[in-house]
Amino acid sequence: MHALSHYQEVISDYFTELHLSKEPKNLYQPIEYILTLGGKRMRPILTLMATEVFDVDCKKALAAATAIEVFHNFSLVHDDIMDDAPLRRGHETVHEKWDINTGILSGDAMLILAYQHFEEYEPAIFRDLAKLFSKTALEVCEGQQYDVDFETREDVTIPEYLKMIEYKTAVLVGAAMKMGAIVAETSCENANLIYEFGLNLGIAFQLQDDYLDAFGDPKTFGKQVGGDIIENKKTYLYLKAIEFATAEEKGQLLHLFSIQPNDNTDKINSVKEIFNQTGASEATQVAIEEYTFKAFDTLEQMNIDTSKKEILHLFGKKLMDRKV
């Protein structure tokens, strides 16, 4: 098994060689644009890593890894439209650079392109990959709908929120790792364990994303800081603040999440202050650690070399400590 930088290089080189310059240009140029923005590419890297965990050359999983990344970016294009987000990875979102109709159609094409990558595998592997992918894709849509529903609900609970981020984000991380296991043709037990590892890591990743959305550095975060606050999203930070708040703090927070001022600067700063005062920001960081360690516990149950566990452990720790 290689160092993390090796998998980053392999997937980067592979995406550089992808040729999407086809007609009609207004369909394929937005796809090429979002894919070449890069990002962390965590999911395809995990697919490659998972394949080599089970002693198979990671390059055999490049098609599956590409499918995961194309699907992930498809979901981002559509999410950005739904959120009216101006930035993605520090650049204009697809619907801002082109228009909403282009974003919708190019996103639809990406979903189909993702499926096509599985055609490179023999029937048994294709079947298992496609079955997992279909299940995961539907769960991601369910998670997105929960996220939208929560914006207008005042009674969202923390268990409901955790289920939402499990579906919207974590299942795709788990699937990315399980796809590597499927390509490697390992046992069902190993495939399920590495899925659980990825699932818990994915929950920790999303909680960290929520935290960085409020407290990240705009220069490194790549998205609009405070976007969740502007959208009145009931994140883990918000729900913990409601749980811990005094009556006065709760009233202020509920008011702030009921308004849409022209200038959101004061709103963002006031909400962040409440997050800190109530201890919600600290509680969120604790939850990030808990889910990361839960992933590490699952890792210990796997029958693989200690050196391989250490590489996956290091990857999880880097995610927990990330600033972007």
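All heavy atoms count here, side chains included; hydrogens, waters and symmetry mates do not. Residue numbers start at 1 and run along the sequence shown.
In the hydrophobic clustering of ILVMFWY residues, with side-chain heavy atoms under 4.5 Å counting as a link, F244 and L162 come out apart. If you chain together hydrophobic residues whose side chains sit under 4.5 Å apart, L207 and F293 fall into the same group.
For the pair H313 (side chain) and I311 (backbone), a donor-acceptor distance under 3.5 Å is absent. Side-chain atoms of N200 come within 3.5 Å of backbone atoms of E196 as a donor-acceptor pair (strictly under, hydrogens ignored).
Residue T169 holds its OG1 atom at 13.5 Å from OH of Y167, rounded to the nearest 0.5 Å. Remark: F74 CZ to D79 CG distance equals 8.5 Å, nearest 0.5 Å. Atoms OG1 and NZ, on T136 and K178 in that order, are 8.5 Å from each other to the nearest 0.5 Å.
Remark: K309 NZ is packed, more than 12 non-hydrogen atoms of other residues, nucleotides or ligands lying under 6.0 Å away. Within 6.0 Å of atom NZ in K294, 12 or fewer heavy atoms from other residues, nucleotides or ligands are found, so the atom counts as exposed in its surroundings. Annotation: E243, atom CD; neighbour count of heavy atoms from other residues, nucleotides and ligands within 6.0 Å is above 12. The neighbour count for E248 CD, taken as heavy atoms of other residues, nucleotides or ligands under 6.0 Å away, does not exceed 12.
Looking at I274 and L256, their side chains come closer than 4.5 Å, going by heavy atoms from C-beta outward. With contacts defined as side-chain heavy-atom distances shorter than 4.5 Å, the pair N232/Y238 does not qualify. Contact of the I242 side chain with the L253 side chain is registered, since non-hydrogen atoms from C-beta on lie closer than 4.5 Å.
Classified by interplanar angle (parallel below 30°, tilted 30° to 60°, perpendicular above 60°), the ring pair Y33/W98 is perpendicular. Between F126 and F118, the angle of the ring planes goes over 60°, which puts this pair in the perpendicular group of the 30/60° scheme.
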Steps toward salt bridge (Lys or Arg N to Asp or Glu O under 4.0 Å) verdict (D55, K308) = CA-CA 10 Å; D55 302 315; K308 293 175 181 177; 2.3 Å; yes

inquiry  = Under the criterion side chain to side chain contact (heavy atoms under 4.5 Å, CB included), I'd like the reasoning laid out for S12 against R41: C-alpha separation, chi angles, the key distance, then a yes or no.
reply    = CA-CA 9 Å; S12 178; R41 288 180 174 156; 4.2 Å; yes

task = With salt bridge (Lys or Arg N to Asp or Glu O under 4.0 Å) as the test, would you mind laying out the steps for D57 and K59 before giving the verdict?
result = CA-CA 5 Å; D57 187 345; K59 291 183 179 179; over 6 Å; no

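Side-chain N/O atoms of D99 and T102 include a donor and acceptor closer than 3.5 Å. In summary, the side chains of S281 and N276 do present a donor paired with an acceptor at a separation below 3.5 Å, with no hydrogens or angles considered.
Checked for salt-bridge contact, D83 and K233 meet the test: a charged N lies under 4.0 Å from a carboxylate O. A salt bridge links K135 and E139; the closest N-O separation between the charged side-chain nitrogens and carboxylate oxygens is under 4.0 Å.
Judged by the 6.0 Å and 45° rule, R43 forms a cation-pi pair with F205.
Aromatic rings from Y161 and F150 are positioned such that their centres are separated by 6.0 Å or more.
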